[in-house]
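Each chain gets a letter, A, B and so on, in the order the sequences are listed, and its residues count up from 1. Since we're looking at a predicted model, the values are computed, not measured. Hydrogens, waters and symmetry mates play no part in the numbers below; they use all other heavy atoms, side chains included.
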2 protein chains.
Amino acid sequence: MRAHNLALVLHTVANSTDPPSRAAVATATGLTRATVSALVDDLVAGGLLVEVDPPPRTGAGRPAVGLTLTSAGPAGLGLEINVDYLAACVVDLTGAVRHRHVERADQRPADPAQALAALGRLAATARHAAEADGLIVAGAALAVPGLVAGGVVRVAPNLGWQDVDAVAALRAVPELAGLPITVDNEANLAALGELRVTGGPPPTGTAAPTAQAIAAAAPGVTAPAGAAPDPAAAAAGDLPIPGHPWDRRSFLYISGEIGIGAGLVIDGELYRGVRGWSGEIGHVTVYPDGRPCRCGARGCLEQYAGQEALARDEQLAAAALGIALSAVVNLLDVPVIVLGGAYAPIFGSLRDGIEAELRRRVLTAGLAPVTLRPAALGPDAAMRGAADTIIRAVREDPAAWLRRLS
Amino acid sequence: MRAHNLALVLHTVANSTDPPSRAAVATATGLTRATVSALVDDLVAGGLLVEVDPPPRTGAGRPAVGLTLTSAGPAGLGLEINVDYLAACVVDLTGAVRHRHVERADQRPADPAQALAALGRLAATARHAAEADGLIVAGAALAVPGLVAGGVVRVAPNLGWQDVDAVAALRAVPELAGLPITVDNEANLAALGELRVTGGPPPTGTAAPTAQAIAAAAPGVTAPAGAAPDPAAAAAGDLPIPGHPWDRRSFLYISGEIGIGAGLVIDGELYRGVRGWSGEIGHVTVYPDGRPCRCGARGCLEQYAGQEALARDEQLAAAALGIALSAVVNLLDVPVIVLGGAYAPIFGSLRDGIEAELRRRVLTAGLAPVTLRPAALGPDAAMRGAADTIIRAVREDPAAWLRRLS
DNA sequence: GTCAAATAATTCAACCACTAAACAATTTCC
DNA sequence: GGAAATTGTTTAGTGGTTGAATTATTTGAC
């Protein structure tokens with residue numbers, strides 16, 4: 001119960017726009033001021049929260065002391081191996097990127113051990129830099145473009161990997177000793193990265209609006225007015241995302257790389273699938289008797305909207321994407337689709353073609369909108385999402401972190 | 001916390017094969033015998049559990065007194081409106097069907113008010129019969145073949161309904177006064193019905209096996225050996241379902257009626273979609289330029305595997321189903337697909353055709369099996385699932401039920 | 001400048017629910 | 001018949017919460 005309430009308080013502070021006072025947290029959570037005080041004391045002592053200067057005064061009374069997440073506590077180490085680069089970043093508890101290093105180099109000629117060794121070096125320097133900066137790296141997560149099971153990369157076709165125990169390789173790096181390390185699919189983690197940047201606070205208390213209310217409000221397929229990413233806002237890391245509040249916490253993220261992956265986020269939670277293999281949208285059938293795919297099937301989406309096909313014909317790609325995405329929406333009732341990876345920069349030219357298919361093929365298109373939007377994060381999404389899994393674990397179970405310190 | 005532990009104890013008793021003692025519940029839950037005693041006393045006083053004769057002795061020591069769910073307490077009223085019948089059933093806390101009445105009649109000529117009035121009469125007699133039998137009807141749920149939003153049936157094409165406030169109509173029936181009433185999609189509820197019958201207990205304590213372990217064990221698409229439903233076992237309501245334990249709690253249920261719907265159950269939870277409109281697999285595109293569908297699109301699954309098409313060509317239906325289901329598995333990594341409705345009786349002739357497509361088009365088919373199986377429940381599935389939502393609510397929050405009594 | 005009103009945070013007694021350990025009840029086994 | 005075993009209850013103790021009272025610090029009125 002204490003663990004639950006610690007998490008509740010931490011989330012409330014994290015999701016507030018300006019530093020809330022203990023009293024504000026109490027009213028927001030429904031707990032007593034006394035209880036909140038006790039919990040906050042623990043979180044401050046444990047180095048997860050810090051007291052900051054009071055927010056601008058608002059009337060009579062004793063001035064409040066503000067609370068924010070620390071920028072000197074636990075941090076997450078995000079790693080990525082992709083076809084043409086290695087990358088590492090450190091993200092602190094507030095979600096700020098504190099270190100970032102990308103090493104461009106084609107990984108396909110390298111064998112897995114070489115690539116992982118190079119990544120290990122990147123990770124080691126990132127950890128050093130972070131700890132010199134007062135951060136405590138709480139764990140590392142690695143994004144790879146392939147199917148992952150139990151820490152092992154089963155298949156990563158575009159890297160040419162098969163049954164590579166990436167976790168074991170990283171654990172062997174001496175500078176990473178003692179760190180919990182996980183591996184996950186690139187698209188899944190990119191979806192989490194997108195969520196961290198655009199997700200915003202969970203709908204506090206109020207339930208999602210009824211479908212009834214939605215349908216009355218805005219029929220048809222829609223996209224935000226200024227759909228192209230606003231560079232200034234994106235740089236500030238605080239993109240204003242239009243739409244209904246739950247649009248920001250439930251979406252399908254499509255990652256268009258050489259292959260095509262997807263990450264499904266439902267109400268702020270990533271759905272990984274029973275065995276961790278969800279999101280293989282690249283091999284959804286679009287044209288049953290179409291082009292042969294290297295997976296052995298015919299007419300896979302990847303053959304029409306993968307990077308190769310994309311270079312040849314963007315409109316064909318858009319139509320194929322539209323067909324596959326219609327299936328997703330019909331099956332899962334996802335209100336928002338985020339186009340990432342190679343799709344983000346050409347969102348403008350894909351949008352109409354995708355929307356045309358959605359309008360035609362989504363059964364509920366007339367009842368409620370399906371919103372299309374470009375990804376906010378660019379090529380860093382997966383690495384950022386990987387780091388986010390670490391700080392998310394601390395945020396969701398601060399009690400464990402406090403125990404770990406003592 | 002008390003609420004949580006009450007639910008924990010209730011679940012433990014519910015999921016035990018024979019009536020457990022207080023001590024057995026204590027060891028199973030990890031709570032103290034003292035705590036369990038206190039909780040059980042509350043549940044017995046509230047009429048959710050009853051003490052029964054001790055199970056056969058097993059050694060020395062004071063004899064235990066067994067605990068079971070009551071068969072005289074809260075009950076769920078399950079209702080269904082479909083194209084050619086109305087139905088009502090009452091299910092008690094143990095999951096036993098205590099009353100059941102089906103009224104065959106084509107509902108299409110009737111206007112919604114007439115149909116709902118007839119259903120109201122059915123529901124009223126069911127409630128009476130149940131209460132004469134010592135049951136307390138805790139609520140009612142209605143299954144309809146259509147899109148539902150906030151208690152309103154937005155569209156039910158095969159009934160010819162549009163924007164029918166079914167909940168309001170039923171609430172107006174005097175004999176149903178005071179009952180919480182909900183409406184839901186037929187396929188969603190049928191999936192829950194299937195879960196109740198085949199789901200079994202949640203994997204106690206142990207996590208799902210790693211994908212790694214699975215892949216090593218059994219590659220390829222598989223189906224249970226004796227795949228046709230065993231009538232004797234089905235009648236006993238205790239069908240032995242083969243496969244891994246989590247297979248029973250994560251599956252996609254396909255309901256083949258005039259239209260085709262699907263209900264997705266993940267780890268024992270029904271996924272309804274953000275707006276409640278998930279599972280419209282009937283309008284997933286199979287052949288992008290194929291037959292025109294009444295939804296306005298082309299090549300929808302319904303045109304190739306709906307009841308009409310099914311009558312013409314079962315093999316075409318199987319191939320189309322295989323293509324659409326491959327998309328589902330690629331996207332969601334669902335390990336089991338349950339064929340219900342009109343598909344269940346002809347499972348044998350559909351199976352090979354579906355499996356061929358799955359083998360070809362599911363990317364991970366070589367890593368882990370996709371199991372196909374016929375539904376266990378037959379035409380009662382949706383109605384049973386509807387009733388189950390009511391008793392599930394009581395089971396998941398027994399504290400609320402106890403409060404309600406006082 | 002002083003005092004009342006307002007707001008923030010802490011302290012303290014009471015309470016609820018769980019744990020641990022002792023105890024009572026009832027059986028089997030020797 | 002008595003020791004051992006097992007179930008279920010009782011009792012004292014503890015952690016974490018609430019609610020009320022208390023302290024701290026500011027604004028605004030006079």
Practice prompt. Please step through side-chain contact (heavy atoms from CB on, under 4.5 Å) for the pair Ile181(A) and Leu77(A), ending with a clear verdict.
Written response: CA-CA 9 Å; Ile181(A) 301 177; Leu77(A) 176 55; over 6 Å; no
Item to complete: Please tell me which of the listed nucleotides, dT25(D), dT7(D), dT27(C), lies nearest to the side chain of Ala60(B)?
Response: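 For the Ala60(B) side chain, the nearest candidate turns out to be dT27(C).
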Worksheet entry | Proximal nucleotide (of dA9(C), dT27(C), dG8(D)) relative to the Ala64(A) side chain |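 Of the candidates, dA9(C) comes closest.
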Practice prompt. Check whether any side-chain heavy atom of Trp401(B) sits under 4.5 Å from a side-chain heavy atom of Leu93(B), and report yes or no.
Written response: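 No, too far: nothing below the 4.5 Å cut-off.
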Discussion item. Within the 4.5 Å heavy-atom criterion, are Tyr271(A) and Asn188(A) side-chain neighbours or not?
Written reply: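 Tyr271(A) does not reach Asn188(A) side chain to side chain.
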Worksheet item: For Thr32(A), which contact category applies under a 4.0 Å heavy-atom criterion: base, sugar-phosphate, or nothing?
Response: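 It contacts base atoms.
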Item to complete: Answer with base, sugar-phosphate or nothing: what part of the nucleic acid does Thr35(A) contact at a heavy-atom distance below 4.0 Å?
Response: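 Counting heavy atoms under 4.0 Å across all strands, the contact made by Thr35(A) includes a base.
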Can you measure [X] atom [atom1] to [N] atom [atom2] for me and round it to whole angstrom units?
X: Arg2(A); N: dA17(C); atom1: CZ; atom2: P; result: 19 Å
X: Leu31(A); N: dA9(C); atom1: CG; atom2: P; result: 15 Å
X: Met1(B); N: dT19(C); atom1: CE; atom2: P; result: 8 Å

Show me the protein contacts with nucleotides 10-14 of chain C, counting only N or O atoms at under 3.5 Å.
{"unit_1": "dT10(C)", "atom_1": "OP2", "unit_2": "Arg22(A)", "atom_2": "NE", "d": "3.4"}
{"unit_1": "dT10(C)", "atom_1": "OP2", "unit_2": "Ser37(A)", "atom_2": "OG", "d": "2.2"}

Discussion item. Quick test of your reading of the model: are Arg392(B) and Asp397(B) salt-bridged, counting only N-O distances below 4.0 Å?
Written reply: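 No, this pair does not count.
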Item to complete: Using a cut-off of strictly less than 4.0 Å, decide whether Ser21(B) has a side-chain nitrogen or oxygen near OP1 or OP2 of dG8(D).
Response: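 Indeed, a polar side-chain atom of Ser21(B) lies that close.
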Discussion item. Tell me whether the side-chain N/O atoms of Asn5(A) come closer than 4.0 Å to OP1 or OP2 in dT17(D).
Written reply: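 So the side chain of Asn5(A) is within the cut-off, an N or O lying under 4.0 Å from OP1 or OP2 of dT17(D).
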Discussion item. Go through it in stages, so that I can follow the logic: the residues are Leu6(B) and Leu402(B), the test is side-chain contact (heavy atoms from CB on, under 4.5 Å), and I'd like the CA-CA distance, side-chain angles, deciding distance and then a yes or no.
Written reply: CA-CA 10 Å; Leu6(B) 281 168; Leu402(B) 301 186; 4.1 Å; yes
Item to complete: List the steps, then state whether side-chain contact (heavy atoms from CB on, under 4.5 Å) holds for Phe251(A) with Leu195(A).
Response: CA-CA 9 Å; Phe251(A) 58 84; Leu195(A) 175 68; 4.0 Å; yes
